[in-house]
Amino acid sequence: MATIELKQVAKKFGDFYAVEPMDMTINDGEFVVLLGPSGCGKTTTLRMISGLETVTSGNILLGGRDVTWRNPSDRDIAFVFQLFALYPHMTARQNIAFPLQAEGASKQVINQRVAEVVELLEIENLLDQRPGGLSGGDRQRVALARALVRRPAAFLMDEPLGALDADFRETMRGEIKRLHIAQHATTVYVTHDQIEAMAMGDKIVVMSNAVIQQIGSPAEVYYDPSNLFVARFIGSPGMNLLTGHYANHKVSFSGLAQYEAPPEWNDALQGALGNEGDVIIGFRPESAHISPEGVLPGEVYAVDIHGSYSVLHVKLASNIEDFDIVHIRADRRITYPIGTQVKFDLDPAMVRFFNPSSEAAI
Amino acid sequence: MARFEETGPRLPVTESIRVDKVRPSSRLFGKLRAALVLILSLILLIPVYVMISTSIKVYNDVVAVPPKITFQPTLQGFVFLLTERAVLTKAQLEELTKNPGELDLPGQVALEAGQQVTGPSDFAFNLKNSLIIAGASTVLSVILGLFAAYAFSRFDVPGKNDLLFFILSTRMLPAVVVTIPLFLMYRALDLHDTYLGMIMLYTVFNLSFSVWLLKGFIDEIPREYEEAALVDGYSRLQAFFKVVLPQAVTGIAATTVFCLIFAWNEYAFALMLTSENARTAPPSIATMLGRGVVEWQAIAAGSVLFLIPVVIITFALRKYLLRGVTFGAIRQ
């Protein structure tokens, strides 16, 4: 097992940066998820770590060893592909044994190691089948077995659950997490699915436009997004963002209502904006509470039933042209017909502020 | 509760349609189609039938009008094809007819036509030349084509599209056009009438075809397979042999057959660029037309012998061919 370090690693395709120079350290035994929309550079980053893609500049260290210009085969890593990439002309057993044959392991060692991973993944009954005859989940298990059998320094996984059915995805998510806990292997996992990222990652690296937006634990990226992109991207729906104005310890929402800024807001705002300035206020749907005494008025625009709770789309009673819609989590037992006038309050501890020009968190 | 029930299945599924219980009209259509295919293939096989039957007729039966449907089969065509003979005088003929038992089988067949075998013809030698030249050039063009196609498919070769077009452009003019310049070049380089010259020529000529065809097949193989092999600890070359090659078998087989058929059947170059040492079968069959009486039965026998190797190889590779010619249409 090993630490992975990226130092100023960048990838250019022509004049276009697929990954802008980035620094990242993945600790020994950590499960790191690279999360971002498609085309953000997360898969390119993973492929650079694996050596399948060369770097344009920068260095990659694996367990302290500089592997920047090493072949993938010299890096002691295992890669799990989105479409599994099981060799179609080999049986599951041959697929799993294939990496060991590359090392020139003896037949005895191969049989023993294959038997170990097969037991771990409970795939005894699949061994003599070709990949073509296996279901998506079973293919993924065989692909995981092929990755595990070598006992590599690190596992790299490129959306390994992307090609599976929704219900199966959940099962495999649990299995991969269980394997990680059992093996305690350094793992880099690429996905665009934030639920997967939140559920599996020790650490989440949010990427967008070839740049790392934030590195943090799942709770950190959820509660303390470092900028507007992360705030919008994480959570479903994402964070509510309203333009407001801060002046004299008060926050006003686009001429809608004034809020006496509670002390915990004040210090941060004062520090960033001085006495007065525009600000973007962000809050999660569960941080807003509908109540008759609420300060912010609005009208119910749509309702999503999520089962254990409902999400109200509330159109703010704003007199400005660009009306804002916020999402508010509400009790499932109360029905809000469309058009209902509601009032809500914000939980001051759960509100975050962003600088409108730099888009960074305050 | 009521709402929930409404969304359930309204009617239980009680019957299913078996695939063999299709409507009679569509079954009839299937039979008609089969009959049509049968008739078409019979029509297409008529020349083959004429060729084979001609090869086992005697000369008089070949030129008979109307054509003979029933006849006494004979080896005359094959004997004439494979031997040089002399016409016997009347005295010689009478003498030999007295004790035909002393003659071997070709001799007896020749005797029936009033001829005597004087030695073997060049045809067997020409057939051997064809086998060597077509075989070697096919193997070479498929191997070289495979590596070139892999490189074009997987790597950023500078000027890739121009190179591919350039390779294809060697096919853009008819062979006959370049035979004269080639003839002069080959004479100057001492490649005229040599195996090396013919193998090189057919290899280069087939290469454009094999590169393009194989590139199509290799493009179809996802890169992930090789990448998986690369991270599994194999070199690029090992990955090529262990992972790409087994999956490209279909394409390789199809390309082999097409290259072989071209090299085997090629006529114009062979006629111009070979004379004795490296003469292949196609021009040698055709030159039989020039010697006095046209021995149709011998020409037909030559064509039959000439067809056999290609038929065997095509037949052996037919299961790959069927998938091969429809490549791109079916995934996996």
Side-chain angles (χ1 to χ4, degrees), chain A residues 13-14 43 46-47 49-54 62 67 70-90 94-105 130-133 139 142-143 145-160 163, chain B residues 1-4 6-7 146 150-151 153-161 214 216-254 317 319-320 323-324 326-332:
Chain A
F13 292 116
T43 297
L46 192 75
R47 289 171 61 85
I49 298 174
S50 73
L52 292 173
E53 205 81 67
T54 57
L62 230 153
V67 295
R70 291 299 194 81
N71 285 329
S73 51
D74 297 338
R75 295 194 184 199
D76 193 20
I77 40 117
F79 203 105
V80 180
F81 293 84
Q82 178 173 16
L83 297 171
F84 321 129
L86 294 172
Y87 312 117
H89 57 290
M90 301 182 194
Q94 288 166 331
N95 261 287
I96 299 170
F98 196 64
L100 294 175
Q101 284 160 359
E103 295 172 0
R130 296 256 170 125
R139 281 182 209 188
V142 176
R146 187 176 66 182
L148 283 165
V149 78
R150 270 204 16 240
R151 300 177 188 159
F155 291 97
L156 310 177
M157 304 191 187
D158 186 8
E159 308 215 16
Chain B
M1 274 317 274
R3 269 174 154 249
F4 183 73
E6 272 169 30
T7 58
L146 195 60
Y150 181 75
S153 172
R154 293 296 194 255
F155 301 119
D156 287 326
V157 182
K160 177 161 93 183
N161 292 331
L214 285 167
F217 282 106
I218 292 175
D219 283 345
E220 294 275 300
I221 303 170
R223 282 161 184 252
E224 277 84 3
Y225 293 131
E226 288 145 81
E227 291 180 340
L230 288 180
V231 290
D232 279 349
Y234 290 89
S235 70
R236 172 74 64 176
L237 202 64
Q238 284 173 318
F240 175 77
F241 282 115
K242 283 180 192 277
V243 176
V244 179
L245 221 50
Q247 293 182 66
V249 175
T250 312
I252 294 169
L317 297 177
K319 83 169 181 193
Y320 299 110
R323 280 199 290 157
T326 58
F327 75 96
I330 309 155
R331 278 214 159 257
Q332 285 191 329

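A note on names: the letters A, B, ... follow the listed sequences, proteins ahead of strands, and every chain is numbered from 1.
With chain A as partner, the option from B:A239, B:S235, B:A229, B:A228 having the largest number of non-hydrogen pairs under 4.5 angstrom is B:A228. The candidate from A:L86, A:L100, A:V149 with the greatest count of non-hydrogen atom pairs under 4.5 Å with chain B is A:L86.
Across all their heavy atoms, A:M90 and A:P131 have their closest contact at O-CD, 3.0 Å. Smallest separation of non-hydrogen atoms from A:L148 and A:F155: CD2-CZ, 3.4 Å.
Screening residues 72-84 of chain A for salt bridge (Lys or Arg N to Asp or Glu O under 4.0 Å) gives A:D76-A:R150 as the qualifying pairs, with residues at least two apart or on separate chains.
In this structure, chain A has heavy atoms under 4.5 Å from both the backbone and the side chain of B:E227. At a 4.5 Å heavy-atom cutoff, A:Q82 makes no contact with chain B through either its backbone or its side chain.
Relative ring orientation between A:F98 and B:Y234 is described as parallel, the plane-to-plane angle staying below 30° on a 0-90° scale split at 30° and 60°.
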